[in-house]
Amino acid sequence: MVLALAHLFGFYNPKQLSDFLDIPHQSFYTELKGWSVYHVKKMLRLFMVKQAAEKLKPVMNKSRSTRSKSRGNFID
């Protein structure tokens, strides 16, 4: 289930996911066995923060007045 959720966010193999979560890829499946719902919730939060940061990068490089004019309407 965790790998299926990760696939939706652009992580297509266990090594990519383990690198993102800072888990050694050699013991990735062993780590997953001990996960609770809390860990899955934390992983989803990390995915969402990553996506939000990617959307905000282009706007944050613009001037303060341009950011003010957009009024938060810069997210797709």
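A quick note: this is a predicted structure, and the numbers were derived from the prediction, not measured. Quick note: numbers below take in every heavy atom, side chains included, and nothing from hydrogens, waters or symmetry partners.
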Exceeds 12 heavy-atom contacts within 6.0 angstrom, atom NE2 of H39: yes
Closest non-hydrogen atom pair, Q16 against Y12: OE1-N, 2.6 Å
Pairs meeting criterion salt bridge (charged side-chain N to carboxylate O under 4.0 Å, His left out) with involvement of residues 4-18, two or more places apart: K15-D19
Connected via hydrophobic side-chain network under 4.5 Å: L56 and L46: no
Hydrophobic cluster membership, L44 vs V49, 4.5 Å side-chain cutoff: no
Distance, nearest 0.5 Å, that separates CE of M48 from CZ of F9: 5.5 Å
Non-neighbouring partners of K42 that pass side-chain contact (heavy atoms from CB on, under 4.5 Å), sequence neighbours left out: Y38
Just distance, no hydrogens or angles: give the donor-acceptor pairs under 3.5 Å from side chains in residues 20-30, sequence neighbours left out.
none

NZ-CH2 distance between K41 and W35, expressed to the nearest 0.5 angstrom: 14.5 Å
